[in-house]
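Presented below is the structure to which this report refers.
One is the number of the first residue; the rest follow in order along the sequence.
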Amino acid sequence: MEKIIRLAERYPHLTFGNLRFGIECGDGWADIIHAFFATAEEVTAGGGGALHLLQIKEKMGGLRIYYRLADTAQKSWIRIDEAYYLAEARSFHVCERCGRRGVLTYNGMLYATRCAEHAAELESEPVSPGPRMSIVVANMVLPYNPDTDPFMSKRTD
């Protein structure tokens with residue numbers, strides 16, 4: 001969580017003071033969150049309104065970023081929403097603990113996206129089939145494929 005908290009300093013056009021419930025996910029997703037923030041910062045710095053972060057958390061094994069947009073033109077909020085859907089889809093393929101490639105797992109009580117090492121700590125097994133996520137690109141809904149995502153090619157198993 002420390003890596004994610006430090007990200008706030010890099011994005012002066014995003015409002016972090018309104019995080020009502022805070023940050024409730026592991027540092028393994030810091031790069032995913034950074035990519036989302038970078039897009040949101042680019043949009044808002046270019047006069048695309050304001051983004052107020054409300055909460056960042058893990059839910060059912062995936063990343064959730066709750067935010068509110070203010071004074072935002074449709075073109076701007078579409079770009080931010082596209083970045084959010086991509087972040088959520090990526091989170092189901094990245095270990096929340098360490099940032100290596102991961103899969104959605106379940107141990108009878110908890111869904112979590114973990115690499116093999118961290119899944120073993122939870123005594124959890126991969127969920128099969130894993131989630132089939134969609135992303136929005138240029139107003140088109142497309143299936144997310146981690147094998148064609150350049151971000152994912154930097155992840156190790």
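- Under the salt bridge (Lys or Arg N to Asp or Glu O under 4.0 Å) criterion, Asp81 pairs with no residue at all, not counting sequence neighbours.
- Glu82 contributes a side-chain N or O that, together with a main-chain N or O of Ala138, makes up a donor-acceptor pair within less than 3.5 Å.
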task = Please test Lys59 against Glu24 for salt bridge (Lys or Arg N to Asp or Glu O under 4.0 Å), starting from the C-alpha separation and ending with a verdict.
result = CA-CA 9 Å; Lys59 183 174 181 180; Glu24 302 168 11; over 6 Å; no
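- His118 has its side chain out of reach of Leu122: every pair of non-hydrogen atoms, C-beta onward, lies at least 4.5 Å apart.
- A 4.5 Å side-chain heavy-atom check between Ile33 and Cys25 finds at least one atom pair inside the cut-off.
- When each of Phe151, Trp29, Tyr67 is paired with Phe36, the ring pair (Phe, Tyr, Trp, His ring centres under 6.0 Å) condition holds for Tyr67 and for no other.
- Around atom CG of Asp71, no more than 12 heavy atoms belonging to other residues, nucleotides or ligands sit under 6.0 Å away.
- Minimum interatomic distance between Pro146 and Arg101 (heavy atoms only, all atoms of both residues): O-NH2, 3.8 Å.
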inquiry  = Quick one, Thr113 with Val103, criterion side-chain contact (heavy atoms from CB on, under 4.5 Å). Give me CA distance, side-chain angles, the key distance, then yes/no.
reply    = CA-CA 5 Å; Thr113 301; Val103 297; 5.9 Å; no
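- Residue Met140 is grouped with residue Tyr85 when hydrophobic side chains (ILVMFWY) are merged at heavy-atom distances under 4.5 angstrom, including chains of intermediate members.
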side-chain contact (heavy atoms from CB on, under 4.5 Å) evaluation trace for Ile78 with Asn139 = CA-CA 8 Å; Ile78 287 172; Asn139 288 331; 3.8 Å; yes
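- Using a 4.5 Å cut-off between side-chain heavy atoms of Ile, Leu, Val, Met, Phe, Trp and Tyr, with links allowed through other members, Leu104 and Leu110 fall into different hydrophobic clusters.
- Within the 4.5 Å cutoff, the side chain of Leu14 has heavy atoms near those of the Glu41 side chain.
- At a threshold of 4.5 Å between non-hydrogen side-chain atoms, the residues Thr39 and Arg79 count as touching.
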Residues Val137, Leu86; criterion side-chain contact (heavy atoms from CB on, under 4.5 Å); working and verdict = CA-CA 9 Å; Val137 179; Leu86 183 58; over 6 Å; no
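- The heavy-atom pair separating Ala119 from Thr105 by the smallest distance is CB-CG2, 4.0 Å.
- Residues Thr15 and Leu53 are not in side-chain contact: their nearest non-hydrogen atoms beyond the backbone lie 4.5 Å or more apart.
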Residues Arg155, Asp31; criterion salt bridge (Lys or Arg N to Asp or Glu O under 4.0 Å); working and verdict = CA-CA 11 Å; Arg155 308 277 143 214; Asp31 290 343; 3.0 Å; yes
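- Contact annotation: the side chain of Arg114 approaches that of Glu96 to within less than 4.5 Å [non-hydrogen atoms, C-beta and beyond].
- Separating the CG atom in Leu69 from the OG1 atom in Thr44 is a distance of 9.5 Å, to the nearest 0.5 Å.
- Residue Ile80 comes nearest to Ala40 through the heavy atom pair CG1-CA, 4.1 Å, listed as atom of the first residue, atom of the second, then distance.
- For the atom pair Leu51 CG and Ser76 OG, the distance stands at 11.0 Å (nearest 0.5 Å).
- The heavy-atom pair separating Glu88 from Ser91 by the smallest distance is O-OG, 2.6 Å.
- Using cut-offs of 30° and 60° for the angle between ring planes, the His34 and Tyr11 rings count as tilted.
- When the shell of 6.0 Å around OH of Tyr106 is examined, it contains more than 12 heavy atoms from other residues, nucleotides or ligands.
- Atom OG of Ser124 sits about 5.5 Å away from atom CG of Asn107, to the nearest 0.5 Å.
- Looking at Arg64 and Gln55, their side chains never come closer than 4.5 Å, going by heavy atoms from C-beta outward.
- Nearest heavy atom pair, residue Phe92 against residue Gly62, reads CZ-CA, 3.5 Å.
- By the 4.5 Å heavy-atom criterion applied to side chains, Tyr66 and His52 are not counted as neighbours.
- Cation-pi geometry between Arg90 and Tyr144 is not satisfied (NZ or CZ under 6.0 Å from the ring centre, within 45° of the ring normal).
- Taking a 6.0 Å sphere around CD of Glu123, one finds it holds 12 or fewer heavy atoms contributed by other residues, nucleotides or ligands.
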